[in-house]
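First the proteins, then the strands, lettered A, B, ... as listed; each starts at 1.
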Amino acid sequence: MLPLCSRVLLSHPFSPMSLMALREQLNMLVNSMYIEGLLDQQFQQLQMLQDASSPGFVAEVINLFCEDAERILTELTKLVDQAVVDFQKVDAYVHQLKGSSSSVGAQNVKLACIQFRQFCEENNKDGCLNALNVVKHHYYLLRNKFDTMLQLEQRIQAYDSKQQN
Amino acid sequence: MAVVAEAQFHVLAVDDSLMDRKLIERLLKTSSFQVTAVDSGSRALEVLGLSEGLTSSSAVSPAHNEIEVNLVITDYCMPGMTGYDLLKKIKVQLMLPHISISWTCFERFMGSLFVSHQGSSSLKDIPVVIMSSENVPSRINRCLEGGAQEFFLKPVQLSDMKRLRPHILKGKSKEQQPQEEETSSTSNKRKAMDEELSPERRRLKLSNYSLI
């Protein structure tokens with residue numbers, strides 16, 4: 001737990017301090033994601049594109065990414081499980097996932113996809129099975145943090161609208 | 001006719017990925033463009049008023065379908081019609097120069113039956129930008145040689161949006177002065193064929209008539 005949280009508990013629920021604490025938590029989370037390679041500069045682009053006229057933009061993109069990714073991972077799991085793997089089909093899906101992860105700034109996922117495509121090109125089934133697991137690992141790690149991020153954002157935005165009343 | 005200076009230009013964005021569509025839409029809106037985003041090349045052709053064959057839907061009254069598009073930005077890799085295919089379909093009016101002489105009469109006759117959805121500007125002159133997540137030089141060259149104004153590597157950045165307006169403005173000034181020669185560094189991306197057509201000929205969207 002962050003030391004900041006103790007201040008949150010002690011302060012008045014609607015005091016500016018708690019809102020600031022939430023914001024600090026969010027910043028620290030996002031920063032750690034950059035440092036750990038979960039996110040790259042592209043995510044900063046998304047943050048820049050969010051403003052008063054589109055306050056839910058980042059959340060929307062994250063949600064679309066997650067929906068897309070999970071749909072693709074489900075398909076990939078089926079395909080790589082076949083006795084005879086259709087590497088072209090697999091590659092097409094991985095290409096899609098690489099594209100979406102690149103668009104959202106999901107660096108580790110993107111890199112794992114690049115590795116995965118290598119194995120597809122080599123028609124290496126074991127390599128693909130392994131690579132799929134690596135992609136899933138990175139994706140679920142990221143999704144976990146995205147969930148926290150979005151929850152924090154929601155709380156901050158709810159705060160802002162209360163403050164305005 | 002169009003007020004170029006303060007006009008809000010309209011960009012047609014084409015991408016089969018919902019996420020990328022949202023992204024490009026946001027990038028364009030943030031850069032003060034009006035946006036129509038579609039998920040396929042065929043849908044894009046519909047918006048542009050170009051149907052793949054001559055159908056009754058291509059003869060639409062101006063009030064109903066007057067969407068002027070100033071630039072098309074399309075993903076390269078799409079199922080069915082690729083961005084390159086779409087580019088070629090838009091630029092197909094380059095076939096026009098081969099038909100001549102009694103052209104003006106024919107043009108007037110056909111013009112009375114069909115409406116040019118683009119007003120006085122030719123569809124062929126709409127700048128097309130292609131986006132791709134893959135940096136393949138041969139692909140890039142193919143697109144540029146095919147008439148694309150620019151090739152953006154995905155993910156597209158806010159700074160890339162600045163490169164769009166000059167292409168739109170160039171096209172508009174060319175409409176008024178067809179002899180205007182381009183001297184910028186992007187001139188290698190233009191084809192010499194572009195300058196051969198006179199404004200009168202370009203007013204007609206021939207692809208609607210399936211003469212080709």
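- At least one side-chain heavy atom of A:Gln42 sits less than 4.5 Å from a side-chain heavy atom of B:Gln157.
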- Message: Using salt bridge (Lys or Arg N to Asp or Glu O under 4.0 Å), reason through A:Arg117 and B:Glu134 one step at a time and then give a plain yes or no.
- Response: CA-CA 13 Å; A:Arg117 292 191 82 190; B:Glu134 296 185 308; 2.9 Å; yes
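- Note that CG of A:Asp68 and CG of B:Leu18 are 8.0 Å apart. Values are rounded to the nearest 0.5 Å.
- Contacts of A:Phe57 with chain B are made by side-chain atoms alone, with heavy-atom separations under 4.5 Å and no backbone atom involved.
- Within the model, atoms NZ of B:Lys29 and CG of A:Leu49 stand 12.5 Å from one another, a figure rounded to the nearest 0.5 Å.
- Residue A:Gln115 qualifies as open at atom CD: its count of foreign heavy atoms under 6.0 Å is 12 or below.
- Rounding to the nearest 0.5 angstrom, the gap separating the OG atom in A:Ser103 from the NZ atom in B:Lys22 is 14.5 Å.
- Between B:Ser17 and A:Gln96 the shortest side-chain heavy-atom distance does not fall below 4.5 Å.
- Interface remark: A:Glu60 contributes side-chain atoms only to the contact with chain B (heavy atom separation under 4.5 Å).
- Remark: the backbone N or O of B:Leu158 is paired with a side-chain donor or acceptor of A:Gln45 at under 3.5 angstrom.
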- Could you give me the CA-CA distance, side-chain angles and deciding distance for A:Leu64 and B:Arg21, then say whether side-chain contact (heavy atoms from CB on, under 4.5 Å) is met? CA-CA 11 Å; A:Leu64 285 174; B:Arg21 268 200 312 284; over 6 Å; no
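- When side chains are defined from C-beta on, A:Ser102 does not count as touching B:Ser133, because their heavy atoms never get closer than 4.5 Å.
- For A:Asn63, no part lies under 4.5 angstrom from a heavy atom of chain B.
- Here the CD1-CE distance, from A:Ile62 to B:Met19, works out to 9.5 Å after rounding to the nearest 0.5 Å.
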